[in-house]
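Following: one structure in structure tokens, then a few remarks.
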Amino acid sequence: MNTAVFPHPRKLKLATVSLAGCFGCHMSFLDIDERLLDLLELVEFDRSPLTDIKTIGKCDIGLIEGGLCNAENVHVLREFRANCKILIAMGACAVNGGLPAQRNQLDVGQMMRDVYCHQVGGTAGNQIPNDPELPLPLNHVHPIHEVVHIDYFLPGCPPSGDAIWTFLTELLAGRTPHLGHGLLRYD
Amino acid sequence: MSTNDRIDALSPGTFMLDGEEIDFGPGESILEAATRTGHYIPHLCWHPEFGAKGSCRLCTVRINGRIGAACTVQAASGQEVQNNTDELNALRKTLLQMIFIEGNHFCPSCEKSGNCRLQATAYDIGMEGPHFEEFYPERRVDASHPDLLLDLNRCILCSLCVRASHDVDRKDVFAIGGHGIHTHLLINSPNGLMADSALQASDRAANVCPVGAILHKRVGFATPIGKRKFDTLAVSEQVEETKP
Amino acid sequence: MNRLPGPFDALLTRHGNAPHRLVQILREIQAQQSWLSPDTLSAVASGLGLPLAHVEGVAGFYRFFCGQPVGQYRVLFSDNVTDRMGGSEEMMRHLRHLLKLEPNKMRADGRVSVSSTSCTGLCDQGPAALINHHHIVTRLTPGRIEHMAALIERQVPPSEWPAEWSRVDDQIRLANVKLGTQPAPGAGIAAALARGPQGMLDDLKRSKLRGRGGAGYATGTKWQLCRNARSATHYVVCNADEGEPGTFKDRVLLTSYADTVFEGMTIAGFVVGARKGLVYLRGEYRYLLDALQAVIERRRSQGLLGTSIQGQVGFDFDIEIHVGAGAYVCGEESALIESLEGKRGTPRIRPPFPVERGYLNEPTTVNNVETFCAVTHIAVHTGAWWASIGTPQSTGTKIHSVSGDCERPGLYEYPFGTRIGRILEDCGARDTQAVQVGGPSGVCISAMEFGRRIGFEDVPTAGAFMVFDRTRDMFEVALNFAQFFAHESCGFCTPCRVGTELVVRRMDKLKRGYGSSEDVQVLYELDKLMHGSTHCGLGAAACNPLRDTIAKFRPAYEQHMKSLHFAPGFDMDAELSQARLATGRDDSGAHLETLA
């Protein structure tokens, strides 16, 4: 193992994204409040809604909220996997499909027809939007670990700010994060 | 098991549980003795009132090196039982993951959250994610009954409701049907709906479900977060509790 | 109980309106009605005074009980790996095509449905099919399939189909003690009577006979425990459930050596103090029922069954046959007893064991068909003689049912301790890649191990011996076995119910070409978990074929892997199918690749 000593410890690069998420986990992340300043001593944000950086570079940690609902989610997830050393599934949606997955018993094509074509009061001759730029929804909502290897899971809806803080600080200190009673939640 | 072991098991005595000496009474299982003396062995389908079932397998322990379900093994003098080990907790975590992916256990909108034995056991074991792929099975919800809701998305097939309805209520409202991965709960009524069964809100069977499969209507989220059964104390710290 | 007369009253009365006859009752009604409708279940529940949900629960457990109409002709193709090797999957597809059927759906006119079922025990003369859970068809060929479709269209009853199609041969290739000359009926009983019950039991212990159903428990010990258990009533049960794929030796014993089997049961009755013997005959062997009843009748007339057997006042013993309804797990003795009691066939918590509390909570000895045969021979020739055959820990002979890639499939009986290579030579196996000994829950033996010996010291077996030559893909073999276990899991305990399903999904993933080393890792994890935490041996053994074939035939798996660390388990492009259909799009954005 390379034990070369750097003159200054490099800040780790942290990227975040909400795939098919409600951004509740990102809001909860911000509940770490002024601890964000401590975090910024150790990490530098890359692509993230917080920085508004739109493209991801090589990162150490990727924090992913939301599950996979459409093709675009899959592309973004794959990009994150390719560029981040560690990926964390944050929140119920990323971990097990969450709320969006409650539609998994239904046919998504039928839903679109019902909404765009058969809706009472809708314009006659309505079509389902089919512009090539629109991402198509998947037949089933999938948790992200079913499509790429995920290194850690941080459940909650959302996980509390304290849980996210504990998790990140443990990880950054080189320990396997362990949440414990009160911080480990699924609701 | 040899004849000698059987004779031993009929007399009270002690066994070692993770190095601690535990008293047992005649005919008690390892799980019964441990729970009665305040020692936590994870379990979902065992209940002090209804005894052992052996279906969830969460109570798997090592007895004299041999693996088995603590609810099905009679306590005997001189047994060395391993319970709180990394190996067994890893096995239990996998069993919990299996239960979670088999059904549709969506905690954020479940009224039982915080009071749910499945959730509390998973928290205690430290289950952070499903590990396996989600099955997203199609399971029914029966809201026909005026006072009770049946949500089979959350049923873990512990059959406590089956046993309670048979042993206590003497109504046989519930039964287990199907086989393999399609095993499911049945309601005893001509059309299979709860409204047409003999089930009443005051029945033992309507109040024994450890998860959110059988719920009372119009209760919802009455208990605030922070005051629910497993909010302050983990399930492993509430061993003496005998009511679900 | 006041109720209106029901349509099945006569049938129910014949069964004494006894709840513990529920499985037999449902089976007989289905044979008449071809399926079990909700009204039927209602009538049965009412007639037996049982909750409807209980009856539904029992009906839904057994694979042969149909809760939906399945047609005038229910065609079930035996789906053991040997059937597949004989082209059964192609023939099933072809039959569906000829009859214009959708998979697993009854034809709209109510005529026919075609599906598959677990191994029917005809592996040496397959591919085989079962019609209406009763009529056997062996040696299927595309020609027979064409002819069968025509007969079904013309509504010719199976009893009028070509008799040659239902020919079941014993195919005894190598006989030894059990398959050789049989003692005259009554000789074994006479020998036992002469020694007295404990004397006979002592001699049985001297023989060191171990059960021939697979578990190998010492028969003498089992009978002693049963005899010692204090009760006025004891039972003898013959486990003729022979469900382990690749096993068909009990089928032959029941076909042509029934006297010896029943004699062994009678001796057991004498020793343990039972007046009643029950044969649990697997549903797939329903076609043997009439012949077996005839043997029982004849033995009664010969004073070998019934009251005062061979003139011995007080020695009464009779035998009743219960037919199963498609449930491999009922081969496990406590699940078998649950089934005899008219319930779902889920194994009990053990201890207590059946010898203490078994059928109707009375002391019961459950033994395999072949074990009872051995008992008869031991009675006549002595335990010391039996112990002189085989090896010190595995005395006597073992019958193997050999099938697969070999010239002479059929029954081979050898003393224990025989080399696997010897069996392969005798059956005309060439270019052998692997042998599955003891069925899917047994051991997969590779070429390097053909010097190993059959016996409890090395390679134990209930009898199945399936041979695979070098043209076979061992991954496909393991996949067939994984599907078997998932299909047959009783569903009672978490690790088996979910674990067997997870295994099949992983194997399917590998089969579709999206395997990765992570999948092999998960399969190993599941194997480890299921080998300790399950409620019975089915779950414990469910990962055996997987584990053995991964270890010994790794290349067969690797050709299904993309050598990636991880790959998604589902077809990602297929996951956009509903949206593509609804929007009518087919541009590049409307597609996804499964592998990035």
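The sequence lines fix the lettering, A, B, ..., with proteins before strands; numbering per chain opens at 1.
- Using non-hydrogen atoms only and a strict 4.5 Å limit, the part of residues 126-133 of chain B facing chain A consists of B:G126, B:M127, B:E128, B:G129, B:P130, B:H131, B:F132, B:E133.
- At least one side-chain heavy atom of A:F167 sits under 4.5 Å from a side-chain heavy atom of A:I88.
- Using a cut-off of 4.0 Å between Lys/Arg side-chain N and Asp/Glu carboxylate O, B:K217 and B:E111 are scored as not salt-bridged.
- B:T232 touches chain A through its backbone: at least one of N, CA, C or O sits under 4.5 Å from a heavy atom, while the side chain does not.
- Less than 6.0 angstrom separates the ring centroid of A:Y186 from the ring centroid of B:Y123.
- Summarising the local packing, OH of A:Y116 is surrounded by 12 or fewer heavy atoms from other residues, nucleotides or ligands at distances under 6.0 Å.
- When heavy atoms are compared at a cutoff of 4.5 Å, A:L179 does not approach chain B at all.
- Between A:F153 and A:H145, the ring centre distance stays below 6.0 Å.
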(request) Test B:K229 against B:D231 for salt bridge (Lys or Arg N to Asp or Glu O under 4.0 Å), laying out the working first. (result) CA-CA 6 Å; B:K229 188 167 148 86; B:D231 280 336; over 6 Å; no
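- In terms of heavy-atom pairs under 4.5 Å with chain B, the best-connected choice from A:E146, A:H142, A:H178 is A:E146.
- Contacts between B:I101 and chain A at a heavy-atom distance below 4.5 Å are absent for every atom of the residue.
- Using a 4.0 Å cut-off between a side-chain N of Lys or Arg and a carboxylate O of Asp or Glu, B:D142 and B:R140 qualify as a salt bridge.
- Within the 6.0 Å centre-distance limit, the rings of A:H26 and A:F23 are counted as a close aromatic pair.
- Using a 4.0 Å cut-off between charged nitrogen and carboxylate oxygen, B:E49 and B:R163 do not count as a salt-bridge pair.
- Between A:K85 and A:D151, no side-chain nitrogen of the basic residue sits less than 4.0 Å from a carboxylate oxygen of the acidic one, so the salt-bridge criterion is not met.
- Each of A:A92, A:P143, A:A89 has some count of heavy-atom pairs under 4.5 Å with chain B, and the biggest count is that of A:P143.
- At a 4.5 Å heavy-atom cutoff, the contact between B:F100 and chain A is made by side-chain atoms alone.
- With a 4.5 Å cut-off on non-hydrogen atoms, A:N104 touches chain B through its side chain but not through its backbone.
- Heavy atoms of B:A120 lying under 4.5 Å from chain A are absent altogether.
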